[in-house]
Amino acid sequence: YASRSFKWNNDQGIWTESHLDMFSDDEQDLVKFFLKEFQSRKNEIDKLPKSIIHNDLNEFNLLFQSENYQPKVILAIDYGDACLTSRVNNLAIAISYMLQRETDYIKVIDLMVSEYNNIIPLSISECKALYILIGIRLVISVTQSRIAQKENPDNQYLSIHYRSSMGTLLKLRELGESLVTSVTINAAKLEAEEFNKWSEWAQKTPCDLSSLFPESPKSSCTEINLGLESEHTPHEDHPYYEDEFATAVSRFQNRYQYNFIIGGYGEVRNLYGTKAFAQTSFGTERHRTKHMGVDIWEPAGTKISSPLDGEIALIHKTDAHKDYGTVIIVEYTYPQGSFYLLFGHLSSESFTKHQVGDKIKKGATIGWLGSYNENGHWAPHLHLQVILDLLGKGVNFDGVTRPDQWHFMSRICPDPAELFPQLRSQSAELEKQEVLEKRKKHLGYGLSLSFNDPLWIKRGKDCYLVDNQGQTYLDTVNNVA
């Protein structure tokens with residue numbers, strides 16, 4: 001029975017191809033995309049570990065017991081769809097349901113893969129197949145809905161379910177396989193192969209900052225702290241915030257005028273506490289506050305050169321406030337593959353110097369640093385970011401990420417100091433656990449902490465408290481009546 005021919009078996013999902021005529025042209029393109037990927041990977045999927053699985057895990061097929069407001073699953077019910085299929089399909093199907101209920105797809109996949117992997121360790125082949133198996137489940141779902149709608153045209157519920165599944169399928173395609181697979185591999189605690197290969201090569205083939213700034217006599221670096229407790233960053237609601245910030249950076253540059261002023265990789269900044277950097281995750285506003293590149297503060301007009309032989313991959317120019325201005329992404333090759341360097345906050349003139357596909361030799365000019373009016377409204381500096389996979393984002397690749405995504409994004413965008421050792425940070429911040437140990441040692445029980453994972457409050461902002469990840473919390477004790 002478990003080995004029967006069954007339309008809800010992901011591994012048998014190719015049957016949906018014969019029903020493509022039930023979809024509109026745009027819907028067909030979407031369904032065809034996942035069917036094509038499924039067909040091209042069928043041999044790999046056939047080799048995945050097999051098992052008899054529930055095949056329909058969702059919250060309506062689970063019984064919960066509530067203990068101290070923490071529901072615990074005690075039983076799964078309705079085994080009518082159970083079948084013999086790839087073991088990882090249980091996870092793919094559960095994720096496909098959750099994606100229809102929560103807008104933060106990455107968080108859903110990250111959490112669910114991590115919890116599943118704690119019980120049933122995933123293989124690298126299962127991780128690489130997960131994206132397409134989530135997609136094929138949604139393809140089966142929309143196809144079954146279309147068939148049911150044709151048979152029961154007056155059933156409104158079928159239309160609602162169809163729209164939900166099709167919308168999820170569309171967003172899944174936009175998200176892209178590269179990102180989902182990177183998140184999956186990281187959540188499964190498996191090695192990021194590309195990261196390891198690049199890091200090993202970069203450390204054996206270091207570049208000097210003089211290769212980026214050939215006209216500068218500088219060789220040493222001084223870090224500027226732009227973190228949450230920085231004296232250089234005024235409150236973002238300050239009426240002259242941008243002028244104050246530019247003045248603070250200029251003052252620091254003058255103090256260390258013979259050094260490159262650098263900083264920023266992995267730094268959590270209050271510069272990004274605005275709505276432009278906000279996202280909704282599980283009903284809560286979260287900010288992209290963690291910097292994925294290194295900033296090198298030099299005057300507008302400073303020439304930027306290519307540190308290696310490469311090819312212009314992408315060029316873009318935008319006037320959007322707090323964006324990149326002109327950004328150029330160059331692809332470089334190394335024996336085990338290729339990687340990209342993103343050069344952000346360049347001048348308008350830089351935008352017209354190259355075309356996509358141009359070969360660029362080591363030492364050739366990439367562009368020039370832009371002024372405030374052309375670089376996205378920042379004090380002049382270069383945003384330098386290593387990218388191992390563009391994830392289909394192109395020039396829209398973010399320069400900052402959410403702290404809760406850092407564990408996998410730092411594998412996609414490693415520290416530029418791996419390639420440019422002069423950029424390596426010399427500062428060492430206290431770790432959260434160190435602070436907790438010091439509290440335990442020096443403070444009495446009257447100042448004990450209530451949470452299993454306490455918030456580390458760094459600063460205040462109006463009626464909010466800001467933690468060490470730059471996330472805000474309403475202060476209901478001190479500042480709200």
Side-chain angles (χ1 to χ4, degrees), residues 104-107 109-111 114 179 182-183 186-187 192 195 199 223-230 232-233 236 245 262-282 284-297 322-324 327 340-342 344-345 376 378 381-391 393 396-418 423-435 453-459 461 464-473:
D104 190 349
Y105 282 22
I106 291 302
K107 188 71 172 178
I109 294 169
D110 188 25
L111 288 173
S114 179
L179 179 56
S182 294
V183 173
N186 189 273
F195 172 84
S199 181
E223 293 178 63
I224 182 171
N225 175 12
L226 299 178
L228 296 174
E229 299 169 296
S230 171
H232 309 294
T233 54
E236 52 262 45
F245 177 57
I262 67 165
Y265 183 74
E267 190 172 54
V268 176
R269 298 173 169 178
N270 64 8
L271 294 169
Y272 312 121
T274 62
K275 291 291 184 183
F277 296 93
Q279 297 175 338
T280 299
S281 175
F282 288 77
T284 301
E285 187 176 88
R286 308 287 293 177
H287 284 84
R288 294 185 292 114
T289 57
K290 201 149 188 172
H291 198 241
M292 293 194 290
V294 167
D295 289 333
I296 307 172
W297 306 83
K322 296 306 178 191
D323 210 314
Y324 282 130
V327 58
Y340 303 87
L341 288 181
L342 182 151
H345 307 303
W378 300 94
H381 69 285
L382 172 68
H383 174 91
L384 179 68
Q385 185 169 332
V386 177
I387 304 173
L388 301 186
D389 189 332
L390 287 172
L391 306 175
K393 291 175 176 285
N396 293 318
F397 205 102
D398 292 329
V400 287
T401 189
R402 286 186 357 216
D404 62 344
Q405 296 180 351
W406 178 253
H407 58 288
F408 59 84
M409 287 306 302
S410 60
R411 296 296 189 96
I412 297 168
C413 298
D415 190 347
E418 298 274 353
L423 297 177
R424 193 168 302 283
S425 174
Q426 300 301 317
S427 61
E429 289 191 3
L430 277 175
E431 295 291 335
K432 188 173 181 179
Q433 192 56 41
E434 293 179 74
V435 176
D453 185 17
L455 298 177
W456 185 3
I457 300 301
K458 286 283 192 173
R459 58 188 285 264
K461 175 189 174 185
Y464 297 97
L465 298 173
V466 183
D467 73 358
N468 64 312
Q469 300 298 333
Q471 308 306 310
T472 55
Y473 301 85

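All values below come from the heavy atoms of this structure, side chains included, with hydrogens, waters and symmetry mates left out.
- Of the options D389, V327, I412, a side chain to side chain contact (heavy atoms under 4.5 Å, CB included) to F397 is made by I412 and by none of the others.
- Note that the CD1 atom of I457 and the CG atom of L228 stand 10.5 Å from one another [nearest 0.5 Å].
- In this structure, the side chain of Q385 does not engage the main chain of H291 through any donor-acceptor pair within 3.5 Å.
- For the pair Y265 (side chain) and D415 (backbone), a donor-acceptor distance under 3.5 Å is present.
- In this structure, the separation between OG1 on T401 and CZ on R288 is 7.5 Å, given to the nearest 0.5 Å.
- With values rounded to the nearest 0.5 angstrom, I224 atom CD1 is found 9.0 Å from E267 atom CD.
- Using a 4.5 Å cut-off on side-chain heavy atoms (C-beta onward), I106 and L179 make contact.
- Classified by interplanar angle (parallel below 30°, tilted 30° to 60°, perpendicular above 60°), the ring pair H345/H383 is perpendicular.
- Considering OH of Y324 and CG of D398, their distance stands at 7.0 Å, rounded to 0.5 Å.
- Separating the CE atom in M409 from the CD1 atom in I387 is a distance of 8.0 Å, to the nearest 0.5 Å.
- Of the possible donor and acceptor atoms, one in the side chain of Q471 sits under 3.5 Å from a partner among the backbone N and O of Q469.
- Counting only heavy atoms from C-beta outward, the side chains of L384 and L423 approach each other to under 4.5 Å.
- Side chain of N186 to main chain of H407: a donor-acceptor pair is present (N/O by atom type, distance under 3.5 Å, no hydrogens or angles).
- The residues E229 and K458 are annotated as salt-bridged, a charged nitrogen and a carboxylate oxygen being separated by less than 4.0 angstrom.
- Judged by a 6.0 Å distance limit and a 45° cone about the ring axis, K290 is positioned over the six-membered ring of W406.
- Annotation: side chain of R411 is not in contact with side chain of S182 (no heavy-atom distance under 4.5 Å).
- In terms of modelled atom types and a separation under 3.5 Å, the side chain of R459 and the main chain of V466 share no donor-acceptor contact.
- Aromatic ring pairs are classed by plane angle as parallel below 30°, tilted from 30° to 60° and perpendicular above 60°; the pair F245 and W297 is perpendicular.
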Could you walk me through whether K432 and D453 pass side-chain contact (heavy atoms from CB on, under 4.5 Å), step by step?
CA-CA 10 Å; K432 188 173 181 179; D453 185 17; 2.9 Å; yes
